[in-house]
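Take a look at the structure below.
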Amino acid sequence: MAASDAIMAAAPDMRSRAVAFLARRHRLRAWEALPWLIAIAAFFIFPDRMVFGSQVLIMVLFALSLDLILGYAGIVSLGHAAFFGIGAYAAALLTQRWSWQEPITGLAAAAAVAAIAGAASGGLLLRYRGLTLLVLTLATTIMLQELGNLFRDLTGGYDGLPDLTFSPLLGLFDYDLLYGHVNYLYTLAVLLVLFFVVRQIVNSPFGQALAGIRENVARMHAVGSPVHLRLLTVYTISAAVAGVAGALFTQANQHVTLGVFDFDNSAGVMVMLILGGAGRLYGAFVGAVIYMVLQDNLSKASPQYWQFAVGLMLVLTVLFARRGLLGLIEDGARLLVPQRKS
């Protein structure tokens with residue numbers, strides 16, 4: 001009886017500590033402005049590289065969507081390109097088959113279609129874990145790609161859907177495919193909005209529950225947490241964000257092919273997260289930028305062997321920076337900045 005009274009007395013204090021902890025996580029820090037300032041500075045410093053810059057930002061968003069399930073919920077997937085591809089084709093089919101050319105509502109439609117696909121596939125796939133889940137997600141993407149080739153009258157097969165047209169952004173700004181200035185700012189704005197949506201999710205009680213599932217599924221089941229429902233929810237959200245990235249890819253390039261479902265896309269985005277650091281949000285920024293810049297420069301220097309250099313960097317990261325480059329920076333900052341004594 002005395003023990004239960006002590007627990008009841010301590011409950012308000014524990015609750016207030018939990019609220020304070022979540023409030024601290026939600027609070028924006030000054031250094032968080034740095035990636036956005038760099039992205040804005042790049043617009044002025046490299047005005048003739050904005051087409052490439054748009055592709056980098058799209059990959060950051062794609063990596064962010066994978067980080068939501070891999071870094072925060074522990075869902076390992078080698079088939080995340082499925083949702084990227086679904087979003088890409090949703091945006092393409094809207095404009096080509098149904099003449100819906102407004103870009104922002106096209107993003108919303110792509111997100112909705114990808115979310116439905118995520119919920120439908122996740123309901124089955126998320127009943128499995130580990131290697132089984134890894135293989136099933138990969139197989140799902142391969143089947144989608146072959147299904148797209150089977151219905152080539154709709155998808156264009158491996159030739160894809162070329163010469164897509166979209167209305168001016170907000171009815172004012174035409175897409176400039178040569179310099180990509182409008183695409184870059186448009187993609188950056190979408191990334192900013194979705195980043196802070198994802199940030200709110202991972203720092204919420206729901207996000208903390210996901211971290212608990214990632215660390216110990218059995219314990220979360222034991223305390224009565226609806227594990228499958230929470231995993232399915234975050235999987236659906238992640239699919240929607242990946243779908244938006246795919247739709248941005250279609251709008252930026254004004255064409256799409258079945259290559260968006262390639263295994264290279266799923267593997268590449270996972271490499272980006274490993275390089276940057278999974279479970280850190282900004283790891284998607286660091287990893288995607290490094291990977292895309294390396295790919296762009298090394299493929300020009302050696303089209304046959306550029307992947308060797310990326311692979312070498314990946315091996316070095318796994319060996320010496322297990323938490324990614326962002327984790328390595330965090331460790332260095334702890335050594336340089338003395339910790340406060342509690």
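Excluded from the calculations below are hydrogen atoms, water molecules and symmetry mates; all remaining heavy atoms, backbone and side chain alike, are included. Residue indices begin at 1 and follow the sequence shown.
Panel note: side chain Y235, backbone L125; no donor-acceptor pair is recorded below 3.5 Å. Panel note: side chain T257, backbone G160; no donor-acceptor pair is recorded below 3.5 Å. T95 places no side-chain N or O within 3.5 Å of a backbone atom of L164 that could act as its donor or acceptor partner. Of the possible donor and acceptor atoms, one in the side chain of S299 sits under 3.5 Å from a partner among the backbone N and O of Q295.
Of all the heavy atoms in M220 and I213, the pair that sits closest is CG-N, 3.6 Å. When every heavy atom of S54 is checked against every heavy atom of T187, the shortest pair comes out as O-CG2, 4.1 Å. What you find for V260 and A88 is that their closest heavy atoms are CG1-CB, 4.3 Å. Residues L326 and Y282 share a closest heavy-atom pair of CD2-C, 3.7 Å.
Taking 4.5 Å as the limit, some side-chain heavy atom of V234 sits within range of a side-chain heavy atom of I75. Put simply, the side chain of M313 reaches to within 4.5 Å of the side chain of L325, judged on heavy atoms. With a 4.5 Å cut-off on side-chain heavy atoms, L191 and W36 count as touching. Between M50 and N183, the closest side-chain pair of non-hydrogen atoms is not below 4.5 Å.
Under the side chain to side chain contact (heavy atoms under 4.5 Å, CB included) test applied with L161, the options Q254, R97, H255 reduce to a single match, R97. The residue from D67, L57, V244, V269 that alone fulfils the side chain to side chain contact (heavy atoms under 4.5 Å, CB included) condition with F62 is V269.
Clustering ILVMFWY residues whenever any of their side-chain heavy atoms sit less than 4.5 angstrom apart, transitively, puts V202 in the very cluster that holds F206.
Because its NZ or CZ atom is both nearer than 6.0 Å to the ring centre of F52 and within 45° of the ring axis, R49 counts as a cation-pi partner of that residue.
Between F261 and Y89, the ring planes lie parallel to each other; the angle is under 30°, not in the 30° to 60° tilted range.
The line from CZ of F196 to CG of L281 is 10.0 Å long, rounded to the nearest 0.5 Å. Distance OG1/T233 to CG/L210: 8.5 Å, rounded to 0.5 Å.
No side-chain donor from either of H80 and T137 sits under 3.5 Å from a side-chain acceptor of the other. Side-chain contact of Q101 with T165: a donor-acceptor pair under 3.5 Å is present, judged by distance alone. A donor-acceptor contact under 3.5 angstrom links the side chains of T105 and W100, judged on distance only.
Within 6.0 Å of atom CZ in F46, 12 or fewer heavy atoms from other residues, nucleotides or ligands are found, so the atom counts as exposed in its surroundings. Counting heavy-atom neighbours within 6.0 Å of R129 CZ, excluding the residue itself, gives a total above 12.
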Dump the intermediate steps for side-chain contact (heavy atoms from CB on, under 4.5 Å) on L328 and F320, then the final yes or no. CA-CA 9 Å; L328 194 63; F320 302 109; over 6 Å; no
